[in-house]
Amino acid sequence: MLTYTVRPHPETHLYEVALRLQAAQLGSSQSIVAASWTTGSYLMREFASKIRAIHAVSLRTQLPIRVERLEKARWRIHTESLAADDVIEIRWQTFAFSLGIHDAWLDRDRGFINPAALYVFPQDAAPNEPVTLIFEAPGYEVLCALPESDQSGAYIADSLERFLDSPAHLIGPNARCCRFSTTVCGTAHEILITGVSSINIARLREDFEKIFETVIRFWSPQQAQAPFKRYLLSLHLAPNLYGGLEHAEGTVLLHDPKAVPAEGEADVPKDYVDLLTLVAHEYFHAWLVKRIRPDAFVPYDLTREAYTPDLWLYEGFTSYYESRLPFEAGLLKRSDWCKAFGERLSAALSREGFDRMTLAESSLAAWVKLYRQCADSPYSQTSYYSKGALLAFILDRKIRALTSGGRSLDDVLRGLYQEYLDAEALKQYAGLPAGQLANAIRRYAGCNLDSLLEALTVTENAHGIWQAELKEALASLNLSLEVDPAVPSSFRFAGLRAGARSDEKVILQYVPSDSPAFAAGLFAGDELIAVDGDRTTASSLNRQIERLRGRSAEVLWFRTDRVMRGMLDLRSPLSDAFLARLPKKIVEADLADQNSEG
């Protein structure tokens, strides 16, 4: 048994932590380690950077024990003079002032702990090592995904892995928060919303219940049974925040307050659909990636990278269902689904990296690519989220067509989930080996899509296959793609994509390599300052480009501190490759035909 005690110090934004264990529990290495990443987010976040000096003491002798730092996130506890059953207390502090869902936060109003960001643990600890967590936090109410023990302020985890996957929340007396509970399909769901005081709880409860029930019945259509006894959803609201991180028995979400209906509001905000799809995405993960997971994640090793070429299955397929299931729950209109899924689709197709990076490569390179975007990323990378969602859509429509609607991708995922349940009942689940989706499609859908899967996941230069399959999949729903009319003129005609800024500066984010702007010499990071002799601002750029159509003119820009100049040619026809990558929207096929005729 490992026993952690947590004491918050909000004035310094520090959690004081003590870990008690027997000397023998340190194993032969006598080492403790800090996590370097957290499940669900494949980036080495180096949590040890927030940990202050670690100390240790023998509780039998009350004498200090030498602690030696060996590596960036590993320390040796020198227990050579101690008996195996001597109890050691290891003490440290962790700085907690990050709003991120992967980190930790603490002030007088609220605290949040993503366990991987806070705790150290024995390097040789078994994943099934039980843990007790004790909070000594006067003035705070503690809410945790773990079950409470008989001791006040204490929680228990049947394994270290479960402990490290169970966030905790501290709610201060003056915190702006709303809480409500609901029971769906016999399972308790608790919702904590912090950051604002006014929430339309009735609306959120009703809509969240629909998502929960739809997802539960998706995975368990006969029994309608969730794989957890209790689910804790926390949502923190603050301007310009967005994100979500799944856990086996809950999720932690961030969003902007403008997306949430306030108490008494009859109409929901326009961004409310985005919140619902985020909730559906993370809730779906409780099955796909937290239960059905790659063998590289069984067990999790949070001290080093865990590689799988199949992240597109776990994240991409979830990204497909994130809008489809709320649509089936009656929360999204067909137009809402088209918009939400179309944005996923366009995010993939509009990047040049879509044709230059396979899904398998994108998955393997996640640790150094997806979360480390740079100026080259749009040219060389694709996201296994968005491109994986397209693959799920194509496979789903393909299976339905080949089986005349008798089977779908849903059946394949349910089959994998039943395999998990059967193996877990025997405590023998070893994860899904890479490349096994094709076999699962044959078993549970009766289709052989091996060659198609290979072409769409590991084959380079498969642009034509993707385009043909996507067109066929959309047509099966009487849908097609057209250029989004909301695309700004500056990007549509010149290839200039700039970020919104309050100071009116035009800082380029992306310049397609086959665009007029790229040919003129412009690149991401440049500050465009003049077009055709006139000063350029964010509010004037689109009109300047519209006036320039059919002509060429000089453009000026800053690259770092140097003035650069080039000729922007809007006389020559735009290349087919550039036009094909303009952001698209999904429309009814009849409407697309009418638009093309017009």
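Along the sequence shown, residues carry numbers from 1.
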K.L.:
Tell me if the aromatic rings of F317 and F284 count as close, with their centers under 6.0 Å from one another.
P.N.:
no
K.L.:
Can you tell me if Q509 has over 12 outside heavy atoms packed within less than 6.0 Å of its CD?
P.N.:
yes
K.L.:
Any idea how H13 and F97 line up, ring-wise: parallel (<30°), tilted (30 to 60°), or perpendicular (>60°)?
P.N.:
tilted
K.L.:
Judged by modelled atom types alone, do S540 and T537 share a side-chain donor-acceptor pair under 3.5 Å?
P.N.:
yes
K.L.:
Between the side chains of R571 and S552, does any donor sit under 3.5 Å from an acceptor?
P.N.:
yes
K.L.:
Determine, for R397 against E472, whether the closest basic-nitrogen to carboxylate-oxygen distance falls under 4.0 angstrom.
P.N.:
no
K.L.:
Between L570 and R551, is any pair of side-chain heavy atoms under 4.5 Å apart?
P.N.:
no
K.L.:
Are F341 and F327 an aromatic pair, judged by ring center distance below 6.0 Å?
P.N.:
no
K.L.:
Contact between I399 and I441 at the side-chain level, heavy atoms closer than 4.5 Å - yes or no?
P.N.:
yes
K.L.:
Which class fits the ring pair W37 and W367: parallel under 30°, tilted 30 to 60°, perpendicular over 60°?
P.N.:
perpendicular
K.L.:
So, applying ring pair (Phe, Tyr, Trp, His ring centres under 6.0 Å) with Y42, which one of Y314, Y385, F297 is it?
P.N.:
F297
K.L.:
Which pairs with one or both residues in residues 530-582 pass ring-ring contact (aromatic ring centres under 6.0 Å, His included), sequence neighbours excluded?
P.N.:
none
K.L.:
For residues P239 and P257, report the shortest heavy-atom separation together with the two atoms involved.
P.N.:
N-CD, 3.7 Å
K.L.:
Counting only heavy atoms from other residues, nucleotides and ligands, does the tally under 6.0 Å from CZ of R549 exceed 12?
P.N.:
no
K.L.:
If you count every heavy atom of other residues, nucleotides or ligands that lies below 6.0 Å from D503 atom CG, does the total exceed 12?
P.N.:
yes
K.L.:
So which atom in P167 and which in F112 form the shortest heavy-atom distance, rounded to 0.1 Å?
P.N.:
CB-CE1, 3.8 Å
K.L.:
Classify the side-chain pair T318/H281 by whether it contains a donor and acceptor separated by less than 3.5 Å.
P.N.:
no
K.L.:
Near E263 CD, under 6.0 Å, is it more than 12 heavy atoms from other residues, nucleotides or ligands?
P.N.:
no
K.L.:
Whether the E246 and T251 side chains hold a donor-acceptor pair (N or O, under 3.5 Å, no angle test) is what I'd like checked.
P.N.:
no
K.L.:
Going by distance alone, is a donor N or O of one side chain under 3.5 Å from an acceptor N or O of the other, for T536 and Q544?
P.N.:
yes
K.L.:
Tell me if the CZ atom of R205 is crowded by more than 12 foreign heavy atoms within 6.0 Å.
P.N.:
yes
K.L.:
Report, as yes or no, whether the 6.0 Å neighbourhood of atom CZ on R535 holds more than 12 heavy atoms from other residues, nucleotides or ligands.
P.N.:
no
K.L.:
In terms of side-chain heavy atoms, does E315 have a donor or acceptor partner in H285 at a distance below 3.5 Å?
P.N.:
yes
K.L.:
Hey, mind stepping through Y272 and D207 against side chain to side chain contact (heavy atoms under 4.5 Å, CB included) and telling me if it holds?
P.N.:
CA-CA 11 Å; Y272 185 57; D207 293 348; 2.7 Å; yes
K.L.:
With ring-ring contact (aromatic ring centres under 6.0 Å, His included) as the rule and sequence neighbours excluded, what pairs involving residues 452-486 come up?
P.N.:
F354-W466
K.L.:
Would you call the rings of H255 and Y242 parallel, tilted or perpendicular if under 30° counts as parallel and over 60° as perpendicular?
P.N.:
perpendicular
